[in-house]
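Read the structure below first, then the notes.
Keep in mind it's a predicted model, so treat the numbers as computed, not measured. A, B, ... follow the sequence lines: proteins, then strands. Residue 1 opens every chain. Below, all heavy atoms of this structure are taken into account, side chains as well, without hydrogens, waters or symmetry copies.
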2 protein chains.
Amino acid sequence: MVTLKEIAERAGVSVSLVSAVINDSPYVRMSDTTRQRVLGLIEEHGYVPNHSARSLRYARTNVLAVIIPHISDPIFEGLLDGVYAGAEKHGYIVMLGDAVQLVSGSKLLDRIIGHGQVDGTLIRHSSTLSGEVLSQLAKRRAPVVLMDVSDNKDLPWIGLDERSGTALAARHLLSLGHHRIGFLGGERNYPGTLRRLEGVRQELDKVGLPLDEKCIYYGSQEPRAAYATMTRFLASGDLPTGVIINNVTSATGALAAIADAGLRVPEDLSIVAYLDYRAAALVRPAITAVDQPLFELGYQGVELFERLRRGEPCESYTITSPAPGLITRSTTKRIGPSLLD
Amino acid sequence: MVTLKEIAERAGVSVSLVSAVINDSPYVRMSDTTRQRVLGLIEEHGYVPNHSARSLRYARTNVLAVIIPHISDPIFEGLLDGVYAGAEKHGYIVMLGDAVQLVSGSKLLDRIIGHGQVDGTLIRHSSTLSGEVLSQLAKRRAPVVLMDVSDNKDLPWIGLDERSGTALAARHLLSLGHHRIGFLGGERNYPGTLRRLEGVRQELDKVGLPLDEKCIYYGSQEPRAAYATMTRFLASGDLPTGVIINNVTSATGALAAIADAGLRVPEDLSIVAYLDYRAAALVRPAITAVDQPLFELGYQGVELFERLRRGEPCESYTITSPAPGLITRSTTKRIGPSLLD
DNA sequence: CTGAAAGCGCTTACAG
DNA sequence: CTGAAAGCGCTTACAG
C-alpha cells in the first residue's frame with residue numbers, strides 16, 4: 001500500500017508538494033517538470049489517496065446513506081437511478097439500506113447517526129419508519145433529506161405531486177365513462193396514502209360524483225398485501241367498475257386476485273396504478289399507470305442534500321415539472337361516454 | 001461533535017482510559033466506578049467514535065462493496081437479503097452498486113480499487129463486467145469474492161449449482177410428457193448461460209432425446225430482451241412444447257411475447273423458469289420455477305470474504321445444500337405420459 | 001517556488 | 001491501576 005510519503009521520497013520532494021499536485025492546490029506553485037515527475041510516479045505506483053485519512057482531515061466521508069422502503073421493489077428503480085446519478089455528480093458513495101433494517105438499536109442506524117460515518121441521509125419515508133428513528137436522525141448534525149412530501153418541520157423534504165398523479169388516474173377512468181370508482185390504498189396511517197386518495201376524491205367532486213367509502217380499501221403497499229386486500233374487496237360484492245391502485249407492483253398482486261376470482265381485466269374491471277416502472281410494460285395485461293418523475297425525485301433529492309450540507313439556503317418543495325403523466329396500456333376500458341366536460 | 005478527548009476531560013481521566021472502556025480492552029484495568037462514570041458520560045453526550053479515525057488507525061473501513069448486475073431486479077432480492085444479513089453479522093456496511101456502473105474510469109471503480117475505501121468486494125458476475133475490470137480488482141490487495149461459479153484462478157468464488165437447477169426444470173417437463181424442449185438463455189458469452197444449458201442437455205441425453213439446436217435461443221438476460229427473443233422464437237414456426245427460461249423476470253417478458261402472439265400458457269406452451277423470486281407467486285399465470293438458495297449464496301459469500309480477509313484458508317465452492325427445488329405453479333401442463341423411468 | 005510542522009480522532013504499546 | 005506519546009495518512013497554513 002503505497003502512501004503519499006513514499007511517492008514524495010521517490011520523487012525527491014516533500015509530501016506537501018505531492019499533496020498539492022493531487023489536489024491542484026492554488027497555494028502551491030511548482031515547475032511543470034516536477035509536476036510531471038510526481039504525476040508519473042503516482043501513475044506508476046497506482047497511488048490512490050487513503051480515503052479514511054482524507055475523511056478524517058476533511059471531516060467528511062463522501063458517503064451518503066440512502067434508505068428506501070424496499071430495495072428490490074422495481075418501483076424504486078427510477079428513484080435509485082436518480083440518486084446514483086446525483087451521487088456520482090457530487091462525488092458521493094451510496095450506502096443503500098432498507099427501511100425495515102432501520103430500527104432503533106440496529107447497526108445500520110448506529111452507523112447513520114454515528115459521527116464521521118456518513119455525510120448525511122436521504123430517506124424515502126415509509127410506514128415502517130418510526131417517528132422515533134426519524135427524530136433521532138433529525139437531532140444529528142449530518143443533514144437528512146426526506147424524499148417524500150412531509151409536514152415534518154425539522155427535516156427538509158422533496159416530494160412528488162401525488163394528488164395530481166391520482167387525479168390523472170381518476171380523470172382517465174371518468175373519461176372512459178366510469179362513474180363508480182374504487183381506491184386500493186397503501187398503509188392507512190401513511191400520509192402519502194391519504195394524499196393519493198385526495199387526488200381521486202377531488203376529481204370525483206369536480207364532476208359531482210361521490211367516492212363511496214365502501215370502495216376504499218387500505219393495506220396494499222406491496223403485492224402480497226394487495227392480493228389479500230383485493231380478495232376482500234371482491235368478496236364484498238359491492239364492486240366499482242374501475243379501481244385505482246396505490247402503486248404498480250401492488251397492482252400485480254391485485255390483478256392476480258382478480259384473475260383468481262375468475263374476473264377479467266379490463267372487461268369486468270378497469271385498473272389504473274399509481275407509479276409506473278420500466279418493466280411494467282412487459283406484464284400481461286400491461287397495466288395502465290401514472291408515470292411520476294422518480295428519477296428527478298432522486299436526483300434533486302441529492303441536490304437538495306448537497307445545498308443543505310453546504311449551508312446554502314434550501315426549501316422543501318414538491319416537484320411539479322415534469323408533471324405526472326398517464327401511460328395508457330391494457331387494463332382500462334371504455335364503458336360509456338366520457339363524464340368529463 | 002463530541003470527541004474521545006472531551007469525554008476524557010469531563011470524566012477527569014485520560015483518553016486511553018476512555019478508549020479502553022469503549023473497546024473493552026483487556027490490557028487496561030480500571031475500577032468499576034470509573035468505568036460507570038465514563039459510560040455515563042458517553043451515554044449522556046451521545047458519543048460515537050469517529051469512523052474515519054478508527055478506519056485510519058485500524059487500516060480497515062468495515063465497508064464492503066457489493067456489485068450485482070441490476071439492483072432493482074427482484075431476482076436478486078434473496079441474494080441481497082443474504083448479503084445484508086452476513087454484513088450485519090460481521091459488522092460491515094454495504095456499499096451496493098450496479099455492474100453497469102462499474103466501468104473503467106468510473107468513480108465507483110476508483111473507489112473500490114482505491115486504498116482504504118472498502119475492505120473488499122463481493123461481485124455477482126455479469127456479462128456487462130469486462131475482464132479488464134475484473135483483473136484490475138484482482139490485482140488489488142483488498143479481497144474480491146465472486147458470487148458465481150467461475151474458472152477464474154485469481155479470484156475465489158462461491159456459486160450455485162446451475163446444472164442441477166436447470167436439470168430439475170428439464171426433468172419436470174420430461175415427467176409431463178414433453179419430448180421437444182427449448183431453452184431461452186441469457187447472454188451467449190456468459191458462462192452461466194452455458195452451464196444452465198448443459199443441465200438441460202444432460203437430462204435429455206439421459207432419456208435419449210436430442211436437444212434441437214433450433215430450439216436454443218440466447219439473449220434473454222432481462223425481460224425486454226426476453227420479449228424480443230421469444231418473439232423471434234415464436235416466429236421461427238419451429239416450436240417445442242416446453243421451454244426453459246434463463247430466469248424468472250425474463251420469463252415475464254417471454255410470457256408477454258407469447259400472449260401477444262395469441263398463444264396460451266400452459267395450453268399451447270409450457271414454461272419453466274430458472275431462479276425464483278418471492279413475488280413470482282403473484283404473477284398470473286404464476287410461473288413454475290426453480291428455487292435456488294440465493295440467500296445462502298449471499299450470506300456464505302460474506303463468510304467466504306471474511307475468511308479471506310482474515311487470511312484464513314478458504315476454497316471456492318458450489319453450494320449444494322440446500323439443493324435447488326422446483327416450485328410447481330401454473331405454467332406447465334401434462335401433455336403425455338412421463339418420459340422418465 | 002519548496003519544506004517542516006501541526007493536527008484531524010483514534011488506538012496501542014509503553015512507562016510509571 | 002492510569003497517563004503521556006507515537007503514529008495511522010492526509011492537508012493546510014506557515015516559514016523560508
Practice prompt. Shoot me the first and last contacting nucleotide of DNA chain C against chain A, ordered 5' to 3', at under 4.0 angstrom to non-hydrogen atoms.
Written response: C/dC1 to C/dG9
Worksheet item: side chain to side chain donor-acceptor pair (under 3.5 Å) with A/Lys89: which residues, sequence neighbours excluded?
Response: A/Glu303
Worksheet item: Can you list the residues that meet the side-chain contact (heavy atoms from CB on, under 4.5 Å) rule with B/Gln36, with sequence neighbours excluded?
Response: B/Asp32, B/Leu39
Practice prompt. Output all residues satisfying salt bridge (Lys or Arg N to Asp or Glu O under 4.0 Å) with B/Arg309, sequence neighbours left out; order by chain, then residue number.
Written response: B/Glu306
Worksheet item: Which residues pass the side chain to side chain donor-acceptor pair (under 3.5 Å) test with A/Ser316, sequence neighbours left out?
Response: none
Item to complete: Map every base of DNA chain C to its dot-bracket character, where paired means a Watson-Crick or G-U wobble contact with both distances under 3.5 Å and | marks a partner outside the strand.
Response: |||.||||||||.|||
Worksheet item: Hey, does B/Arg57 reach any base, or is it just sugar-phosphate, or nothing, if we go heavy atoms under 4.0 Å?
Response: base
Item to complete: For B/Ser16, check side-chain contact (heavy atoms from CB on, under 4.5 Å) against everything at least two apart and list the hits.
Response: B/Ser14
Worksheet entry | Contact nearer the 5' end of DNA chain D, comparing B/Val13 with A/Ala53 | B/Val13
Worksheet entry | Within residues 14-24 of chain B: residues closer than 4.0 Å to DNA chain D (heavy atoms) | B/Ser14, B/Ser16
Discussion item. For B/Arg124, give me all partners under salt bridge (Lys or Arg N to Asp or Glu O under 4.0 Å), at least two apart in sequence or on another chain.
Written reply: B/Asp148
Worksheet, complete the sentence: Across all chains, not counting sequence neighbours, the side chain to side chain donor-acceptor pair (under 3.5 Å) partners of B/Arg60 are B/Asn62, B/Tyr92, B/Asp119
Worksheet item: Residues in side chain to side chain donor-acceptor pair (under 3.5 Å) with A/Ser72, at least two apart?
Response: none
Worksheet item: Got a sec, which residues hit salt bridge (Lys or Arg N to Asp or Glu O under 4.0 Å) with B/Asp73, two or more places apart in sequence or on another chain?
Response: none
Response to the item:
In short, B/Val302 meets B/Val83 closest at the heavy-atom pair CG2-O, 3.7 Å
